[in-house]
Amino acid sequence: MPGPGQRDDANQSGEAPAIQTVRRAALILSAFTVERPRLSLSEITARLGTSKPTAHRYTRALRAANLLRYDAQQATYTLGPEVLALEAAARAGLPIAAAAGPYLDLLVREINQTAVLSVWNGESPVVVRCVDNTEGDIRLSVRTGSTLDLLRSAQGRVFCAYLPVGEVPGLARKLRGTPELRALIEDVRRTGIAVNSPADHGVRVIATPIFEGEQIVASMAVVGTVATLAGEAEHLVTEALLAASRRLSAELGGTATA
């Protein structure tokens with residue numbers, strides 16, 4: 001029996017047990033944020049408004065489903081790997097991901113480099129579609145669901161350039177304090193092209209925006225090596241990428257241009 005003040009085990013809201021279970025599981029998962037990626041059992045209990053034994057039963061069930069992970073050393077929970085798969089599947093169902101498919105396929109056939117589509121998740125770019133190159137000695141791939149660095153990745157720089165500054169956490173402060181970043185963002189707006197920096201592990205990425213109306217809705221990018229995306233080859237790939245992104249934007253009714 002629950003002790004005084006405990007209201008967890010009895011379904012006092014009148015909800016069907018299955019509905020209450022889903023609601024509580026959703027409450028737990030939604031408690032994790034970029035700012036708070038780790039939560040203790042006490043914090044999860046407070047989120048649910050239940051006793052610790054009840055909260056622990058839910059966390060145990062979510063761990064069994066790989067939706068939560070438990071760090072015994074820190075006594076905290078984090079989101080589990082299955083959440084990434086669900087996120088990738090959800091984002092793959094976005095209309096922009098479906099609309100971009102043929103353009104990515106055609107671009108890869110034309111330039112034989114990996115092509116990637118990313119969308120904004122409110123904090124940073126997330127990869128929702130990847131079409132790998134199929135020829136050559138080196139084959140590059142990017143995992144769907146990957147979260148990209150805001151300022152180092154080419155896609156992150158594209159979103160920084162074309163999203164309203166207030167929609168990018170911390171960007172206004174960084175622009176005020178870093179003249180080099182302001183110049184970089186202005187160059188992306190001028191050219192419609194961003195490049196990752198540094199070229200991590202010899203990988204070079206070139207990205208450009210996709211528009212629907214006047215709003216950026218995605219970033220299309222080409223992923224290659226510093227050797228394959230250099231000199232005249234880089235110029236040709238960039239031109240093909242710009243052409244593909246502009247055609248996709250036109251299909252979506254985009255009025256802005258890169």
Side-chain angles (χ1 to χ4, degrees), residues 96 100 103-104 106-121 123-133 136-144 146-165 167-171 174-175 177-211 216-249 254 256-258:
I96 181 62
Y103 293 91
L104 294 172
L106 182 61
L107 181 61
V108 171
R109 289 198 297 271
E110 182 179 353
I111 64 174
N112 191 34
Q113 302 287 344
T114 294
V116 174
L117 186 78
S118 304
V119 299
W120 183 248
N121 73 353
E123 301 280 347
S124 56
V126 176
V127 175
V128 295
R129 190 151 192 166
C130 176
V131 180
D132 298 350
N133 64 314
D137 296 330
I138 299 175
R139 180 173 182 173
L140 297 175
S141 185
V142 182
R143 179 179 56 79
T144 57
S146 296
T147 300
L148 306 176
D149 188 272
L150 183 61
L151 297 179
R152 289 161 55 98
S153 72
Q155 297 94 320
R157 292 175 173 185
V158 165
F159 283 107
C160 285
Y162 291 98
L163 281 173
V165 173
E167 293 186 15
V168 183
L171 181 59
K174 291 172 183 174
L175 288 174
T178 314
E180 296 82 2
L181 178 60
R182 290 200 302 272
L184 186 151
I185 295 302
E186 289 169 3
D187 188 62
V188 174
R189 294 190 187 116
R190 180 179 60 83
T191 63
I193 286 293
V195 179
N196 66 317
S197 177
D200 292 323
H201 308 292
V203 174
R204 187 169 178 82
V205 182
I206 305 171
T208 191
I210 305 296
F211 297 101
I216 181 174
V217 293
S219 174
M220 183 183 291
V222 171
V223 181
T225 67
V226 292
T228 59
L229 294 180
E232 180 63 18
E234 179 182 4
H235 173 72
L236 294 174
V237 166
T238 300
E239 290 300 311
L241 173 62
L242 281 169
S245 65
R246 288 167 179 165
R247 289 196 300 270
L248 176 55
S249 292
T257 56

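Fair warning: this is a prediction, and the values are worked out from it, not measured in the lab.
For Ala207, the side chain to side chain contact (heavy atoms under 4.5 Å, CB included) criterion is met by Ala154, Gln155, Val158, Ser219, Ala221, not counting sequence neighbours. Residues satisfying the ring-ring contact (aromatic ring centres under 6.0 Å, His included) test with Tyr103, not counting sequence neighbours, are none.
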Pair Asp187, Arg190 - check side chain to side chain contact (heavy atoms under 4.5 Å, CB included), show working. CA-CA 5 Å; Asp187 188 62; Arg190 180 179 60 83; 2.3 Å; yes
Would Leu106 and Arg247 count as a side chain to side chain contact (heavy atoms under 4.5 Å, CB included) here? Give the steps. CA-CA 12 Å; Leu106 182 61; Arg247 289 196 300 270; 4.0 Å; yes
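In this structure, the side chains of Ser197 and Arg157 come closer than 4.5 Å at one or more pairs of heavy atoms. Side-chain contact between Leu241 and Met220 is present, with heavy atoms from C-beta onward closer than 4.5 Å. Annotation: side chain of Leu236 is not in contact with side chain of Glu239 (no heavy-atom distance under 4.5 Å).
Side chains of Thr114 and Asn133: a donor on one and an acceptor on the other come within 3.5 Å.
The structure places CD1 of Ile111 at 9.5 Å from OG1 of Thr228, a figure rounded to the nearest 0.5 Å. Here Arg129 contributes atom CZ and Ile96 contributes atom CD1; the two are 10.5 Å apart, rounded to the nearest 0.5 Å. In this structure, CD1 on Ile206 lies 5.0 Å from CG on Leu229, to the nearest 0.5 angstrom. If you take CD1 on Ile193 and CG on Leu242, they are separated by 4.0 Å, rounding to the nearest 0.5 Å. In this structure, Leu151 CG and Asn196 CG are separated by 13.0 Å, a value rounded to the nearest 0.5 Å.
Taking all atoms of both residues into account, the shortest heavy-atom contact from Leu248 to Ala100 is CD2-CB, 3.7 Å. Residues Cys160 and Leu171 come closest through the heavy atom pair O-CD2, 3.7 Å. Across all non-hydrogen atoms, the minimal contact from Arg182 to Leu175 is NH1-O, 2.6 Å. Scanning both residues, Ser249 and Pro209, for their nearest heavy atoms gives OG-O, 4.2 Å. In terms of heavy atoms, Val142 sits closest to Val116 at CG2-CG2, 3.9 Å. Nearest approach of Thr144 to Cys130, heavy atoms of both residues: CG2-N, 4.2 Å.
Checking side-chain atoms of Ser124 against main-chain N and O of Leu150 turns up no donor-acceptor pair under 3.5 Å. For Arg204 (side chain) and Val195 (main-chain N/O), no donor-acceptor pair under 3.5 Å exists by modelled atom type. Tyr162 contributes a side-chain N or O that, together with a main-chain N or O of Val188, makes up a donor-acceptor pair within less than 3.5 Å.
Tested against Phe159 for a side chain to side chain contact (heavy atoms under 4.5 Å, CB included), the candidates Val168, Ile216, Leu148 yield a single pass: Ile216.
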